[in-house]
Protein chains: 2
Amino acid sequence: MEPFTPRQNAVLECALQLLVAGGERALTTAGLARAANCSKESLYKWFGDRDGLLAAMITYQASKVRTPGPRDSMPTLDDFSRSLVVFAEDLMGVLGGDVSLALNRLAIGQADRDGAQLGALVREHGRLPIETRARALLELGRRHGYLKFSDTHEAYETLYGLIVRDNHVRMLLGESPAGLSEDRPRRARLAISQFFRLFGHGAQDIE
Amino acid sequence: MEPFTPRQNAVLECALQLLVAGGERALTTAGLARAANCSKESLYKWFGDRDGLLAAMITYQASKVRTPGPRDSMPTLDDFSRSLVVFAEDLMGVLGGDVSLALNRLAIGQADRDGAQLGALVREHGRLPIETRARALLELGRRHGYLKFSDTHEAYETLYGLIVRDNHVRMLLGESPAGLSEDRPRRARLAISQFFRLFGHGAQDIE
DNA sequence: AAATGAATGTACCGTACGGTACGGTTCCCG
DNA sequence: CGGGAACCGTACCGTACGGTACATTCATTT
């Protein structure tokens, strides 16, 4: 199901560029029409209104990301641990990406408007796929006896917290990513190491 | 050092109310003047321009929060653990508060503008005091032998991640705080329990 | 009481932007 | 070839908002 034509995708790509470059205030219908060599009338025909355009940008960006399903062939503990580290690095990479930051800022900036439409879209198309991928990974680990937990959601949230900490909000606030994306592999390994000490085989379940 | 007169404080309070109620788009100079029974000219005289007003709102709000310094009389392990739980509950309470969410949304929404002025203000007046309080607490715990870590910043970031997880961004995105602020004491105790398993006495330091 | 300073409220200006209308062009399909 | 659909570019409209100017009113001081 591809909800947009190639032409529309190109326009949306252009819109994302504008958003990343100059923030929401740089994303005007006139500006987008000029940058994408299309007419404002087409924009309104395709996306309804400006909010529709923003929503389309989010779903379009989400459609570009595909989550690699882990082949659940019997992995060794080392393989599994490496998979978690890869997930951690991927997560940090995604959250620190230009487009992700710009879209999250956009959705957060509009979180008061009618029903927080954009926030819901970001959660559904952006965060949920990541969560399902991670949950599958965690449950695979549990099935093989490498992890021990009772509540998958609880374990996932802990994993997320150990990986991301408050770096996401700091980046959203505009902190220079110099100190934040620094030594990403080391930070990933550290988080997974901590996670194993909380949920690894042999660790007691909480409470 | 009180940088604002009582009258200006009242106006800023009113501005915060407007911001919480309707988001940034509801905070217009004309609207604020009407709501606060002052003139636009006074607003510009006091705060320079709209950005100055936004900055003043942040510093004003920050001036209201005072971080209780822990009396470092020799606490028992139980006292100390309880202090951490209290910190965790306080942190969740602050981050989930109306005004905090509105101001963070405001700063994030303007993170592209000239130098991310607001983001820096939020970091300096909002997050830094919290961090210093927590660091003092952590080092107190280490001095008494209840905690074991080499890098205070690393320990603090882990603590923050265990407490907040991704709840802050989810709330910023507009997720109903129903499931998020649910059972806050339990979540606080859980986080501190996990933290002790990573950094408590007897735990091996990382790497 | 006069005067000075500050604050209010209203009116005004310029601009930027969302949304619409329209003429002209291209391209596809019968 | 002819007709229609889609689209481009531009021009236009209404409004909302940031910022300024000004006349009036209030309070404080001398």
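Heavy-atom basis, side chains included; hydrogens, waters and symmetry copies ignored.
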Looking at [Y] and [X], is there a salt bridge between them, counting it only when a charged N and a carboxylate O are closer than 4.0 Å?
| X | Y | answer |
| --- | --- | --- |
| A/Arg186 | B/Glu154 | yes |
| B/Arg127 | A/Glu175 | no |
| A/Glu89 | A/Arg82 | no |

Heavy-atom pair of closest approach, residues A/Leu121 and A/Ala55
CD1-CB, 3.5 Å

For A/Ser150 against A/Arg142, the heavy-atom pair lying closest together
O-NH1, 3.7 Å

Should the pair A/His144 and A/Tyr146 be assigned to parallel (<30°), tilted (30 to 60°) or perpendicular (>60°) ring geometry?
parallel

[N] phosphate, OP1 or OP2, under 4.0 Å from [X] side-chain N/O:
| X | N | value |
| --- | --- | --- |
| B/Arg7 | C/dT8 | yes |
| B/Thr29 | D/dG18 | yes |
| B/Thr28 | D/dC17 | no |

Is A/Arg25 atom CZ crowded by more than 12 heavy atoms from other residues, nucleotides or ligands, each under 6.0 Å away?
no

Strand contacts (DNA chain C) in residues 43-56 of chain A, 4.0 angstrom heavy-atom criterion:
A/Tyr44, A/Asp49, A/Arg50

Taking the nucleotide of DNA chain C with the nearest heavy atom to each, does A/Glu41 or A/Arg25 sit closer to the 5' end?
A/Arg25

Could you identify which residues of residues 32-40 of chain A place a heavy atom less than 4.0 Å from some atom of DNA chain D, listed by residue number, or say none?
A/Asn37, A/Cys38, A/Ser39

Those residues that, when tested against B/Arg105, pass salt bridge (Lys or Arg N to Asp or Glu O under 4.0 Å) (two or more places apart)
none

